[in-house]
Novice: 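Can you keep this structure in mind? I'll have questions shortly.
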Amino acid sequence: MMKDLKGKTAIVTGGARGIGKTLVTALASEGCHVLVSDIDGEGARRTAKETAGMGVETLAVQGDVSNAPDVEAMIDQCIETFGRIDILVNNAGITRDNLLMRMKEDDWDLVLKVNLKGAFLCTKQVVRSMMRQRSGKIVNIASVVGVMGNAGQANYAASKAGLIGFTKSVAKEVASKNIQVNAVAPGFIQTDMTEKLTSEVKETYMNHIPARMFGNPEDVAAAVIFLASSSSNYITGQVLHVDGGLVM
Ligand code: NAP
């Protein structure tokens, strides 16, 4: 248990379900107050309710990470409610898979907008107050696909590779202000996002995973908790793979 997260304030985007939902409960169980943001407001409220009895405050906010006014409103609500932001987890992400030849321009634009511009908007807003308080942790949820590529996911892989470049650049800009910016690159994690894949695709993945098993959201949460805690204060600009050895 890393007790130093007690009383800290975290924002998790895309917290209604999947990995984001698990991140919210994991941070809350470490004693963090959490703002749960999601485009699905009702889902965000459901997640927030799950932390009842953990002795922390949670706030659900509906909003689209790729929409600047929504992001501004979310950050304002966080500051109003909790007074500060110690941790930002850019988790909201989508897929619109297709082979390049069939990929629609709209599907390219939307994936880049949510996965990459979304992280830019949230980080920009949050860094302002982290600079003032001279401390902060930003964790971007990338993907192994951003490192190794994946047929049928050119838009998604480009967005996640972009997110890794973004992570390293911002890490360099804010390191002297005691703000650490890192990425977690999950491999195949069992969520609604991967549930949609065909059994053929799942089998191909499994054959390439040295650990011979898929991960679960708790595996990702353990890495995020580490990167959000003071145990990782001298680590910045890194990509931590949580993938059973898929990429090494
Ligand atoms: P998920 O189950 O689809 O959950 C994503 C959440 O983000 C959903 O609640 C979704 O709401 C929300 N969201 C979508 N667009 C949004 C927007 N514009 N603004 C705010 N929220 C938005 O996905 P997941 O599997 O938990 O993935 C979470 C993150 O991990 C993503 O960044 C993903 O790329 C990454 N990742 C996942 C895996 C995996 O194996 N699952 C592997 C590598 C990386 P709606 O449901 O209403 O769309």
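Counting starts at 1 for both ligands and their atoms, in listed order. Note that the structure is a prediction, hence the values are computed from the model and not measured. Index from 1, following the sequence.
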Novice: One residue to check: V114. Relative to ligand 1, which of side chain, backbone, both or neither has a non-hydrogen atom less than 4.0 Å away?
Specialist: side chain

Novice: Test T13 against N90 for side-chain hydrogen bond (donor to acceptor under 3.5 Å, both in side chains), laying out the working first.
Specialist: CA-CA 6 Å; T13 67; N90 284 310; 4.5 Å; no

Novice: Please compare G187, G146, G41 and report which has the shortest non-hydrogen distance to atom 38 (C) of ligand 1.
Specialist: G187

Novice: Just going by heavy-atom distances, which of N91, T13, T22 is nearest to atom 29 (C) of ligand 1?
Specialist: N91

Novice: One residue to check: A185. Relative to ligand 1, which of side chain, backbone, both or neither has a non-hydrogen atom less than 4.0 Å away?
Specialist: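 For A185, there is no contact with ligand 1 at all, from either part.
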
Novice: Using only atom types and a distance under 3.5 Å, with no angle test, would you say the side chain of Q153 pairs donor to acceptor with the backbone of R96?
Specialist: no

Novice: In this structure, which one of V61, I85, L35, L88 forms a side-chain contact (heavy atoms from CB on, under 4.5 Å) with I75?
Specialist: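 Among V61, I85, L35, L88, the one that satisfies the side-chain contact (heavy atoms from CB on, under 4.5 Å) with I75 is I85.
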
Novice: A16 heavy atoms, cut-off 4.0 Å: which ligand 1 atoms fall inside?
Specialist: 9 (O)

Novice: With a heavy-atom distance limit of 4.0 Å, tell me whether V65 approaches ligand 1 through its side chain, its backbone, both, or neither.
Specialist: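 Contact part for V65 vs ligand 1: both backbone and side chain.
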
Novice: Between R212 (side chain) and M206 (backbone), is there a donor-acceptor pair under 3.5 Å?
Specialist: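 At least one qualifying donor-acceptor pair exists.
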
Novice: Under a 4.0 angstrom heavy-atom cut-off, which atoms of ligand 1 come close to D40?
Specialist: 47 (O)

Novice: What residues, two or more places apart in sequence or in another chain, satisfy ring pair (Phe, Tyr, Trp, His ring centres under 6.0 Å) together with F166?
Specialist: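 For F166, no residue satisfies ring pair (Phe, Tyr, Trp, His ring centres under 6.0 Å) once neighbours in sequence are set aside.
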
Novice: Please state which option from V145, D64, V36, N140 has its nearest heavy atom closest to atom 17 (C) of ligand 1.
Specialist: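 Nearest option to atom 17 (C) of ligand 1, by heavy atoms: D64.
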
Novice: Got a salt bridge between E195 and K202, using NZ or NE/NH1/NH2 to carboxylate O under 4.0 Å?
Specialist: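 A salt bridge links E195 with K202.
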
Novice: What orientation do Y205 and F188 show, parallel under 30°, tilted 30 to 60°, or perpendicular over 60°?
Specialist: perpendicular

Novice: Numbering the atoms of ligand 1 from 1, which are under 4.0 Å from a heavy atom of G93?
Specialist: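 The list of qualifying atoms is 5 (C), 31 (C), 32 (O).
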
Novice: Taking 4.0 angstrom as the limit and counting only heavy atoms of I94, give me the atoms of ligand 1 inside it, by number and element.
Specialist: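 Selected atoms, number and element: 14 (C), 15 (N).
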
Novice: Counting heavy atoms only, name the option from M193, R17, E42, K160 that's nearest to atom 48 (O) of ligand 1.
Specialist: R17

Novice: Under 4.0 Å, heavy-atom basis, I'd like to know which part of T191 is in contact with ligand 1: side chain, backbone, both or neither.
Specialist: side chain

